[in-house]
**Student:** 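Questions regarding the structure given below will be posed in turn.
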Amino acid sequence: MAAIILDGNRIAAQIKTEIGQEVCRLSDAGFRPGLAVILAGHNPASEIYVRNKVKSCEQLGILSESIGPPQSVSTKELLEIVGRLNQRDEIDGILVQLPLPEQVDAKSVLLAVAPEKDVDGFHPVNVGNLSTQRPGLVPCTPAGVIEILRRSNLPIEGRNAVVIGRSDIVGKPVAMLLLNNNATVTVCHSKTINIAQIARQADILVAAIGKPGFVTREFVKPGATVIDVGINKVTDKKEFERFFAGDTSRERTFLEKGSTLVGDVHPHVKELAGALTPVPGGVGPLTIAMLMANTVKACQMRRGKVARGRE
Ligand code: GUN
C-alpha cells in the first residue's frame with residue numbers, strides 16, 4: 001500500500017494562521033514582534049531562503065529587517081552588527097544566515113547572538129536548554145519535524161526513532177526532541193556500520209544527511225513513518241532517471257528547469273512507508289513557519305507575562 005503523504009505546505013499554512021493571530025494580538029498590545037536577518041555576501045540559495053523568510057514576516061505582520069554586509073565582511077564587523085541588534089528593543093529575533101563567508105569565524109558570530117533573540121536555536125545556551133528540557137528557542141527544522149508528527153496524529157512516545165545524520169542544525173536537535181517526547185532514539189552517521197539494518201528497526205525514520213536518495217527500500221520497515229529533511233538539487237540526467245524514470249510530471253519540470261529537487265529518501269520508499277514527507281513540500285515549508293513561531297516566542301519570553309496574554 002502506498003504511503004500517506006504528509007503535506008508540509010498545509011501544516012505550515014495552519015501554523016502561520018495561528019502565528020498571524022498571535023502577532024495581531026501582540027501588536028495591538030504594543031509588542032509587534034521583529035526579526036532581523038543578516039545575509040553576508042552573495043549565495044544564491046541563501047538569497048532565496050532569506051527572501052522567503054522576509055516575505056513570510058510581511059504576510060504575518062512581523063517587523064522584518066535584512067542586513068546585507070558584503071562578501072568581504074570580517075568577523076569583527078559581523079560581531080558589531082550582531083551587538084547592535086542585541087541592544088535594539090524592537091528586534092526580538094536575530095538570524096545569521098549560514099553559510100558565512102569563509103574568512104568569518106562563524107562559531108564566534110553565532111555565540112554573540114543574545115540567547116533570548118537566538119531564533120535559530122544554535123546558541124549553546126539554547127542547546128543546553130533543549131537537552132535539559134528547559135524553556136528556550138528550539139532549532140526551526142527539527143521543531144518542524146515534531147510539528148508534522150504531532151499535527152498528523154503520529155504518536156512519538158514509546159516508538160523506535162532512528163535519525164540518520166548528526167549535524168548540529170538538524171540531526172542532533174531532532175534526536176533530542178524525539179527523546180524529550182519519549183521515543184527510543186538511535187542516531188546513525190557516516191561511520192555507522194550496517195545503517196540499513198538499524199534503520200529498519202525504526203517506527204519513525206528521519207533522514208538528514210544531505211545525500212540524494214540515500215534511504216532506499218532496504219532501510220524501511222513496512223508501514224514506518226519516514227521524514228525526509230534532505231533538499232538536494234539534481235541536474236544530471238542519469239541521476240534524475242535513477243530517481244524519477246517514468247514520473248511524467250517530474251520529467252516535465254526537469255526538462256523545463258534543467259533541475260529538480262530530491263530528498264535524502266529515494267522516491268520508491270513511498271510504496272513501502274506508512275507515511276512520508278515529500279520533497280519539495282514536506283519539511284521545507286515548516287522551517288519558515290517555525291522561524292515565525294520562534295520570533296513570536298522570543299517576543300513573548302522577552303516581554304514577560306504581559307505579552308503572553310492569558311495563562
Ligand atoms: N542555512 C541553511 N539552513 C539554515 C538555517 O536553518 N538557519 C540559518 N541561519 N542558516 C541556514
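Both counts, for ligands and for their atoms, begin at 1 and track the order of listing.
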**Student:** Going by ring pair (Phe, Tyr, Trp, His ring centres under 6.0 Å), name the pairs with one or both residues in residues 106-157, residues two or more places apart or in two chains.
**Tutor:**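 Checked against ring pair (Phe, Tyr, Trp, His ring centres under 6.0 Å) - neighbours excluded - no pair reaches residues 106-157.
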**Student:** Can you tell me which residues line ligand 1 if we count any heavy atom under 4.0 angstrom from one of its atoms, in chain and number order?
**Tutor:**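 Near ligand 1, by chain and number: L95, V96, Q97, L98, D120, F122.
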**Student:** Please determine, by modelled atom types, if E22 and Q300 share a side-chain donor-acceptor pair under 3.5 angstrom.
**Tutor:**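 Yes, a side-chain donor-acceptor pair sits under 3.5 Å.
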**Student:** Does a salt bridge link K55 with E58, judged by any charged N lying under 4.0 Å from a carboxylate O?
**Tutor:**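 So K55 does not pair with E58 through a salt bridge.
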**Student:** Check for a donor-acceptor pair, side chain of N294 on one end and backbone N or O of P139 on the other, with a separation under 3.5 Å.
**Tutor:**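 Side chain of N294 to backbone of P139, a donor-acceptor pair under 3.5 Å: no, none is there.
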**Student:** Using a 6.0 Å cut-off, check whether atom CD1 of I4 has over 12 heavy atoms from anything other than its own residue.
**Tutor:**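 For I4, atom CD1 is not crowded (no more than 12 foreign heavy atoms under 6.0 Å).
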**Student:** Is E80 paired with K76 through a side-chain N to carboxylate O contact shorter than 4.0 Å?
**Tutor:**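 Salt bridge between K76 and E80, a charged N being under 4.0 Å from a carboxylate O: yes.
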